[in-house]
Amino acid sequence: DLVPDSPGVVTKPMFGNLAAFVNGNMFMGLFGDRIGVRLSPEDRAELRKVDGSDDFGPEGRPMKEYVSLPPDWRGEQAHSWVGIALGHVSRFPAKEK
């Protein structure tokens, strides 16, 4: 439900769950019961100030550019950060196949 219906956005299996990509670059994903978003350093710092946000990825090996959303977030808060992640990653060059 959180994956935007935007041009170039696709979902694919990753980490035994699903991840969302734009132009071949992952901008959000599931790992266990956590939703992680890829953000700029400034946005990561901002989201980390929120109670419940955390590292994203395997225990002891977090993905450094990602932050997990607080687990109780639904609706507008989660959609807003997913949009920020999509905007950030949309500026990356497309990955070559």
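Ring geometry for Trp73 against Trp81 counts as parallel: the plane angle stays under 30°, on a 0 to 90° scale with 60° as the upper cut.
With rounding to the nearest 0.5 Å, the separation of OG in Ser68 from CG in Leu47 is 8.0 Å. To the nearest 0.5 angstrom, Phe56 atom CZ is 9.5 Å from Arg34 atom CZ. Here the OG-CD distance, from Ser40 to Glu46, works out to 10.0 Å after rounding to the nearest 0.5 Å. To the nearest 0.5 Å, atom CG of residue Asn17 and atom CG of residue Asp33 are 9.5 Å apart.
Taking every heavy atom of both residues into account, Asn25 and Ala94 meet most closely at ND2-CA, 4.3 Å. When all heavy atoms of Ser90 and Asn23 are compared, the closest pair comes out as O-ND2, 4.2 Å. Scanning both residues, Val22 and Pro7, for their nearest heavy atoms gives CG2-O, 4.2 Å.
Side chains of Met28 and Ile35 form a contact here, defined as non-hydrogen atoms less than 4.5 Å apart. In this structure, Val82 and Pro4 have side chains that are in contact, with non-hydrogen atoms separated by less than 4.5 Å. Put simply, the side chain of Lys95 does not reach to within 4.5 Å of the side chain of Phe21, judged on heavy atoms. By the 4.5 Å heavy-atom criterion applied to side chains, Met26 and Arg38 are not counted as neighbours. Inter-residue side-chain proximity for Val9 and Phe27 is flagged as met; some heavy-atom pair is nearer than 4.5 Å.
In the hydrophobic cluster analysis, where Ile, Leu, Val, Met, Phe, Trp and Tyr join through side-chain heavy atoms closer than 4.5 angstrom, Phe92 is grouped together with Leu86. Cluster membership for Met63 and Met14, using ILVMFWY side-chain heavy atoms within less than 4.5 angstrom, is shared. In the hydrophobic clustering of ILVMFWY residues, with side-chain heavy atoms under 4.5 Å counting as a link, Leu69 and Ile84 come out together. Follow the hydrophobic side-chain contacts under 4.5 Å out from Leu2 and you never reach Phe31; the two are in separate clusters.
Within a 6.0 Å sphere centred on CG of Asp72, heavy atoms belonging to other residues, nucleotides or ligands number more than 12.
When atom types are taken as modelled, the side chain of Ser80 and the backbone of Glu76 share no donor-acceptor pair closer than 3.5 angstrom. The backbone N or O of Tyr66 sits nowhere less than 3.5 Å from a side-chain atom of Arg44 that would complete a donor-acceptor pair. In this structure, the side chain of Ser53 engages the main chain of Val50 through a donor-acceptor pair within 3.5 Å.
Between Arg48 and Asp55 there is a salt bridge, since at least one side-chain N of the basic residue sits less than 4.0 Å from a carboxylate O of the acidic one.
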